[in-house]
Each structure stands twice: as C-alpha cells, then as structure tokens.
2 protein chains.
Amino acid sequence: MRHTLEETRSAFIEKIGLKAQADGLPRIAGRVLGLLIWDGTAVSFASLADQLMVSRGSISSATRILLERRLIKRIAKAGERQDFFQLSDAPYVSMMEATKISLDNAKDEIDATLNDIPDAQTEIKARVAAYADFYGKMSKAVDGILTDMRS
Amino acid sequence: MRHTLEETRSAFIEKIGLKAQADGLPRIAGRVLGLLIWDGTAVSFASLADQLMVSRGSISSATRILLERRLIKRIAKAGERQDFFQLSDAPYVSMMEATKISLDNAKDEIDATLNDIPDAQTEIKARVAAYADFYGKMSKAVDGILTDMRS
DNA sequence: CATATCGTTCAATACATACTGAACAAACCA
DNA sequence: TGGTTTGTTCAGTATGTATTGAACGATATG
C-alpha cells in the first residue's frame, strides 16, 4: 500500500474541506463533515477541535451549519458533559434536498424577472425563460433522484 | 406596470451577478452574462465597461472566463476595431456541461480515496462509497438532461 | 457555595481574491 | 513615422468573510 490508512483519512478530510469551500461553506465545516463521514461514530466537541487543530469557536460555528443542513446530528451521552456529533442517517438525501432548494430559489428569482417583462418583448422573454428553464430542468432531475432514494 | 423595463433589466443583471458569485465566479462575470442574456445582440467591449461601470481590466477578465466556459462568443465586426461579445448559441447546454464536469471531478477525487482504503475497512469504505455515489447520481441526472437537450 | 467545564458569541485579525488602473504590446490611422 | 485605440497583464488596493480567542452564561461537580 502506498499510504497508511491515517494518511488516506487526513487526505479525505482535507478534500471534503476544499469541496465545502467550493460550495460556499466554511472550509472547517467541510473538514468536520469529512471526519464524521470517515469515522462514522459519535465524536466529541473537544475531539473535533483537537484533531482538526482549530478553535472551539470554529467547531461551534461549523457544527451549527452542518446541523442546520441536517448533515450531522448532535448526540448526548450519559455521564458525559460534552456534546457529541455524528453523521446523520441520511446525509446524502439532505445534500440533495439542499441542492434542490437552491435550484428552486434560483428559478423563482428568474421567474420573478420574467413576470416583469411585458409580453411584447418576446425575444428578451424567450432568453430569460430559457435560463429559468435551465434551473427548472436541474431541479426536476434532482427531484427524480430524491424520489428514487426514498422508495 | 410597477417597474420600467430598464429597471427590470438592471435588476436582472444584478441577480445574475449575485448568482455567479454564489457559483464561485467573479460577480462582474455574472453581470456581463446577465447583460448579454438580456440584450441578445453583440455588445462592444467598451460598452460593457461603460454600462457596468467597471474597469476595462475587469471586462477583459470576465469575458475570458465566460469565453472559456463557452457561455459567450467573441465577435469581430467589419470596420470596427473593438471586440464584440454575444451570448453563445447554446449557453445552457454549456452550463450543464460545466456542471457535469464539476460533479465528475468531485466523484473522481472521492473514488481516488476509495481506492486507497483497504477492503477490510468495510464500514468506512461503505460510507465513502455512498458519498461518491451521490455525485455519480447527480452527474448521471445532468447527463440525462443533456441527452434530451441535444436530441 | 466555589470551582471547573462546557458551548456560544462577537470583536479583532487573518486571509483569499475581486477589482482597479497604470503600463504595455499590438494593430490601426493620419 | 508618430500618435490613437485596443485588449491584456499585473502589482497594489479594497472587500468580504473565515477564523481566532477572550469573555460570557449555563451547567455540572466537589
């Protein structure tokens, strides 16, 4: 084997961090997600800050974002004062749902513009409508996947 | 009508600017794209800088990015020294292609990690594979739309 | 009760990068 | 040929936001 498992784990965590950044999320949020995908188990708040070598404030912020998106869940352990976090049960469904909401919002905004264009402006309207349709098609496709995953 | 056509146009251009920003593109690139979607005609380099009230350097950079993504085309006009730019013929196909390429890249990176995980690590491997599958499904869906659009 | 530990908040900082504008080369013009 | 106009480049600046770390309230512990 070229790399140790530990090296592969670190590389994976960093990859997800970069991907999160590309998606407009804080990099640390992506690294937390990557760590929890890899480990699968419940990891303590302090352990996250320790392993990722970032401040507790960053962990607080990152976990809040991931919780909002339903990508992770907060867990209480008996006899433990710390919070624990674990990958949620259906993280990829949640990702798709977030993607769909984002696409729908984009379409809604363009549709709003469309409503402001007088019918006489047929060509402008056609071009803007084609743009809205782009998001509509994407949203529909994502919705199809979601339906499949749930069945 | 609540807004003049000109106001609707400006609002649309700004919307696309913000959307570009959310997609990791420079805001000005989005505004150029929005303007060209709206107008449909060939617009000169100087006119873009003038209308959007930005530097020529920014127009140079924005148009380069949009040209690379095949969202717009550069046009030469007889007797005109300036460059002109116009919305490309199939801009939304190009958008989908860019989306697909991005999804495929993400999947490839995760697959690379997957190959580094020993088979004995069944659970880790399953979680990472599920993540790769997320991108695989999305890519396949986008590809389906592309096939439809081309037929 | 006093002390310790926990997660959150927020002002200050670090950081990445979009944008500007001057310098430049190339192409055109007089 | 000298002077304009054109688009590009790139060093410097501006801008947005991620991250830190100290202060804080809440809660457990002894």
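Just so it is clear: chains get the letters A, B, ... in the order the sequence lines come, proteins before strands, and each one is counted from 1. Remember, predicted model here, so these are calculated numbers, not experimental data.
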Heavy atoms under 4.0 Å is the rule here; annotate nucleotides 19-30 of chain C 5' to 3' with B where the base is hit, S where only the sugar-phosphate is, and - elsewhere.
SBB-B---BB--
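In terms of modelled atom types and a separation under 3.5 Å, the side chain of B:Thr113 and the main chain of A:Phe12 share no donor-acceptor contact. In terms of modelled atom types and a separation under 3.5 Å, the side chain of B:Lys125 and the main chain of B:Ile117 share a donor-acceptor contact. Proximity of a side-chain donor or acceptor of B:Arg127 to a complementary backbone N or O of A:Asp39 within less than 3.5 Å is detected.
To the nearest angstrom, P of D:dG7 lies 13 Å from NZ of B:Lys77. If you take CG of A:Leu48 and P of D:dT20, they are 13 Å apart, rounded to a whole angstrom. The CD atom of B:Glu68 sits 11 Å away from the P atom of D:dT8 (whole-angstrom rounding). Look at CD1 on A:Ile59: it is 14 Å from P on C:dC6, rounded to the nearest Å. Taking atom CG on A:Leu52 and atom P on D:dA18, their separation rounds to 17 Å, with Å as the unit. The distance from atom CG of A:Leu18 to atom P of C:dA16 is 12 Å, rounded to the nearest whole Å. Nucleotide C:dT9 holds its P atom 12 Å from the CD1 atom of A:Ile65, rounded to whole Å. As a whole-Å value, the separation of A:Gln82 CD from D:dT29 C1' is 15 Å.
B:Glu6 is linked by a side-chain contact (heavy atoms from CB on, under 4.5 Å) to B:Thr4, B:Arg9, B:Ser10, counting only residues two or more places apart in sequence or in another chain. In terms of the side-chain contact (heavy atoms from CB on, under 4.5 Å) criterion, residue partners of A:Lys100 (sequence neighbours excluded) are, by chain and number, A:Asp104, A:Ser139, A:Val142, A:Asp143, A:Leu146. Contacts of A:Ala20 classified as side-chain contact (heavy atoms from CB on, under 4.5 Å), with partners at least two apart in sequence or in another chain: A:Leu25. Applying the side-chain contact (heavy atoms from CB on, under 4.5 Å) test to A:Glu109 and every residue at least two apart in sequence or in another chain returns B:Lys15.
Of all the heavy atoms in A:Ala42 and A:Lys77, the pair that sits closest is CB-CE, 4.3 Å.
For C:dG7, neither phosphate oxygen OP1 nor OP2 lies less than 4.0 angstrom from any side-chain nitrogen or oxygen of A:Ser60. Residue A:Arg74 places at least one side-chain N or O closer than 4.0 Å to OP1 or OP2 of C:dT8.
To the nearest 0.5 Å, atoms CE (A:Met53) and CZ (A:Arg31) are separated by 7.0 Å.
Helix bend of the helix from C:dC1-D:dG30 to C:dA30-D:dT1: the angle between its two end axes, each built from five pairs, comes to 10° after rounding to 10°.
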